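Lettering follows sequence order; numbering is per chain, from 1. Just so it is clear, the structure is predicted and the values come from calculations on it, not from any experiment.
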Protein chains: 2
Amino acid sequence: MSTLESQTTSIARKVTTQAVMRTVLAEGAISRTDVARLTGLSKQTVSEIVRSLEDDGWLKPSGRTDGRLGRQAITYEINADAAHGLAIDVGGTKVAAAIGDLLGNIKAEVMLPTDPRGGTHLVDHLGRVVEQLAAEAGVALADLRVAVLGTPGVFDPETGHVRIAPNVPGLENIDLRQLMGDRLGCPVIVENDVNLAALGEQWRGQGAELNDFAFVALGTGIGMGIIANRRLVRGARGAAGEISYLPLGADPFDPRNFTVGTLEAAVGAAAITRRFAGYGGPSDRTVKDVFAALAEGDGLAAAAIEETARLVAVTIASVGAVLDPEVVILGGSIGARDELVAAIRRFLPRCTPTPPPIAISRFGNRAGLIGGISVAVAHMLDELFGIPLDQAAPSVGRLLAVSQG
Amino acid sequence: MSTLESQTTSIARKVTTQAVMRTVLAEGAISRTDVARLTGLSKQTVSEIVRSLEDDGWLKPSGRTDGRLGRQAITYEINADAAHGLAIDVGGTKVAAAIGDLLGNIKAEVMLPTDPRGGTHLVDHLGRVVEQLAAEAGVALADLRVAVLGTPGVFDPETGHVRIAPNVPGLENIDLRQLMGDRLGCPVIVENDVNLAALGEQWRGQGAELNDFAFVALGTGIGMGIIANRRLVRGARGAAGEISYLPLGADPFDPRNFTVGTLEAAVGAAAITRRFAGYGGPSDRTVKDVFAALAEGDGLAAAAIEETARLVAVTIASVGAVLDPEVVILGGSIGARDELVAAIRRFLPRCTPTPPPIAISRFGNRAGLIGGISVAVAHMLDELFGIPLDQAAPSVGRLLAVSQG
DNA sequence: CAAATTCGTCAGCGTCGTTGACAAATACAT
DNA sequence: ATGTATTTGTCAACGACGCTGACGAATTTG
């Protein structure tokens, strides 16, 4: 049985079954009577539906109620092992992969160096990694229902190609979705890595419960994932949040800034080391070195980092003016550093009357992977039960509550 | 009968009735057989539902099919007169108001000077205007189901007050929604005027069929309405699109720019006349005068306007980098001027590698009013039939098509 | 142990939507 | 003009769904 419905299920049964699933999903272990109360359905109907869902393996008994008066009830919960999904985060230096169940519990996870040859070699490598991961998680490869792939750059759904991914060689010339789909034998969703990180923070991180926030990743480059009205904003061509092209930090009318991105040239990792050297520091230092020097009280390092913080503050002010986010979450190898964040927090109120609160990514370099798992879960729930993840249970409650009056 | 359901309507009947309404809404005049085909329901069921909807006044026969083989069918369509809504656009100098029916057809419309005393005087004035408008439209005031009020500034749903509305006196200190609601006796929705303009363009203007675009209003000040994923983006505090605070055009760290908005001081109407005077032109000219001088080949006027165009181009580049809109629609008394738009179109490709297309508002100074009508229609459809306007008919088609398999 | 309470199932019933048949209406071919 | 194919619209019968009320089972409270 691949999806919820058998052949002769009526639409009414489907709607009520979805309502039951949503309720169990939202409440966790719950008795049938409580499901009936919450959905407005009768005990009888709920019992029938739960029985059928249990027969099909989507629900399972999980225990009994206690502490309440009267007879104990059997509680039911989602059978998380009924489906599994895969997430892969492909970075310039490392790939991370994880397999999660229907509730997003991670069953196995690895992080490895990226195959430097890129392109189809990368696909092969990922294929082997996933096979091993599946074995470790105790899931047959054929049982994976969806794979979510996070990559730098802009994914074009029309061609299946990734555009503008300078850090991963050979990614732009292959139909990544097609190749990975063939290799894994399941649908593949490709998404920008920073967008996935934003979704990860939305799912179980700093953005949980928020309708509107932005995730700014600061590392080799700078990028942003936008959540507005609880949904990811991709823009018309999937390039929303590509703030490396913001006209800040350099003359926007200088055509040299077209290739790198006006802002990226000013706040990226290279900019910090360049600036450090420009102020008179050694020219062979990495960003990590500069931060180490800052910790030891080096004034040049402080100046180099302050300058970046100042520009990031103006960037956040710009984003704040456009989007009015509830919070801006900082992530990435540089963006999540306390010293930088502290400096940004100092600058921000000085360049905008309404500075958005700043938070540090909860998941660090795993945010993209977590976000990938969340997308996989959302895809599975939608496929299996027709439940959009962003349509939380409360709305269902209302829908059905109306039907009683 | 205030809403769709009678007391004993089951949830199944409600769902199918909604599906029928959505189909008629999307298709216009349509026969019952075609509704059955599109929804996947049986002819019999559709006939029953249409009969009941006709009895309740929501649908009406509209003609007969022809040109097809076989017996002619009676077509049905929405009875647009079954409900009416009101839109009011309150500006600093003028107020516009319109009454529209369930399909958004405008039955009566006026534009008048804003009561300069503001505050409760404004409410009184609007009340009288609406009474006259209702009489003109042939709608009893008590039959208005919703009023949509567009105002400058940021509306706070918690308090019912409008914040930061410098152009309309006394608007910030009254509970506008409450007062208008009491006066009109129907629910009142208050929304930023530029957001409404964006919704207007989305409904039947330059943004129709687009998932992601931005509406930039340039006049006394500068503001933006954002549509992303087909939905209006308001932000956490309703201040999304308040781009007057973008750190462009002046030193963002200069605290003087906090009150006016860094950008607004550089591109607003006052900036054009100030710049014109600064370049050596007469200091008592209005924006209209400056544009007139430009038309006569005045170099000073050209320079003043070019400078604004340059800054607006950078602004649009910023917005483009953040949101990746499919198009940026320009509106407002200044923003919609051809000469300015032409200059902006020249500058834009020089400051960003991915310049979004520029369009000129289709509705001009009526955009906010049209948007208000669209919100009123959406509200009525949702209230009466549970149909969110942004959830178009296609998705319903899919839902029901599945139920057949 | 008795009373109160809650859980879970059974039987009966009404509503909803579908199916198949059939009369009515219309276009097209001859 | 006439007959045939096609489409519309309604009727009756039927099955699926969900609700109600009743009742036994299980558990807490006094």
K.L.:
Rounded to the nearest 0.5 Å, how far does CE of B:Met180 lie from CG of B:Leu86?
P.N.:
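B:Leu86 CG to B:Met180 CE: 7.0 Å, rounded to 0.5 Å.
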K.L.:
Please classify the nucleic acid contact of A:Ser42 as base, sugar-phosphate, or nothing, using heavy-atom distances under 4.0 Å.
P.N.:
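A:Ser42: base contact, heavy atoms under 4.0 Å.
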K.L.:
Do any side-chain nitrogens or oxygens of B:Arg68 fall under 4.0 Å of OP1 or OP2 in C:dT26?
P.N.:
no
K.L.:
Provide, to the nearest angstrom, the distance between the CG atom belonging to B:Asp66 and the P atom belonging to C:dC28.
P.N.:
11 Å
K.L.:
At less than 4.0 Å, is any side-chain N or O atom of A:Arg13 found next to OP1 or OP2 of D:dG18? Yes or no.
P.N.:
yes
K.L.:
If you only use heavy atoms from C-beta on, which nucleotide in D:dT8, D:dA12, C:dT9 is closest to the side chain of B:Gln44?
P.N.:
D:dA12
K.L.:
Measuring from A:Gln206:CD to A:Phe213:CZ, what's the distance to the nearest 0.5 Å?
P.N.:
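Atom-to-atom, A:Gln206:CD and A:Phe213:CZ are 9.5 Å apart.
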K.L.:
Side-chain N or O of B:Thr33 versus OP1/OP2 of D:dG9: is the shortest distance under 4.0 Å?
P.N.:
yes
K.L.:
Please report the distance, rounded to the nearest Å, between CD in A:Gln72 and P in C:dC7.
P.N.:
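In whole Å, C:dC7 P and A:Gln72 CD are 11 Å from each other.
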K.L.:
Within the modelled atom types, does a donor on one side and an acceptor on the other bring the side chain of A:Glu48 and the base of D:dC17 under 3.5 Å apart?
P.N.:
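Donor-acceptor pair under 3.5 Å: no.
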K.L.:
For the CD atom of B:Glu201 and the CD1 atom of B:Ile227, what is their distance to the nearest 0.5 Å?
P.N.:
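B:Glu201 CD to B:Ile227 CD1: 10.5 Å, rounded to 0.5 Å.
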K.L.:
Give the rounded distance in Å between these two atoms: OH of B:Tyr76 and P of D:dT8.
P.N.:
13 Å
K.L.:
If you check the A:Thr45 side chain, which of D:dG18, D:dT27, C:dA27 turns out closest?
P.N.:
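Side chain of A:Thr45 sits closest to D:dG18.
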K.L.:
Reckon B:Thr16 has a side-chain N or O less than 4.0 Å from the OP1 or OP2 of C:dG17?
P.N.:
yes
K.L.:
Could you tell me whether A:Arg234 and B:Asp212 have a side-chain N and a carboxylate O separated by less than 4.0 Å?
P.N.:
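No.
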K.L.:
Can you tell me how far P of D:dA26 sits from CZ of A:Arg32, to the nearest Å?
P.N.:
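Between P of D:dA26 and CZ of A:Arg32: 14 Å.
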K.L.:
Is the distance from OP1 or OP2 of D:dG9 to the nearest side-chain N or O of B:Ser47 less than 4.0 Å?
P.N.:
no
K.L.:
Would you kindly check whether a donor in the side chain of A:Arg71 faces an acceptor in the base of C:dT6, or vice versa, at under 3.5 angstrom?
P.N.:
no
K.L.:
Check every atom of C:dC16, D:dT7, C:dT18 against the side chain of B:Leu69 and return the nucleotide holding the closest atom.
P.N.:
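For the B:Leu69 side chain, the nearest candidate turns out to be D:dT7.
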K.L.:
Side chain of A:Arg64 only, heavy atoms from C-beta on: which candidate in D:dT27, C:dT26, C:dG17 is closest?
P.N.:
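Of all the options, the side chain of A:Arg64 is nearest to D:dT27.
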K.L.:
Taking for each residue the nucleotide of DNA chain D with the nearest heavy atom, is it B:Ile74 or A:Ala12 whose nucleotide lies nearer the 5' end?
P.N.:
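Counting from the 5' end, the first nearest nucleotide belongs to B:Ile74.
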K.L.:
Write down the distance between NZ (B:Lys43) and P (D:dT10), rounded to a whole number of angstrom.
P.N.:
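That distance rounds to 10 Å.
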K.L.:
From CG of B:Asp34 over to P of D:dT8, roughly how many Å is that when rounded to an integer?
P.N.:
7 Å
K.L.:
To check you understand the geometry: which heavy-atom pair defines the closest contact between A:Ile106 and A:Ala98, and what is its length?
P.N.:
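The pair with the smallest heavy-atom distance is CG2-CB, 4.2 Å.
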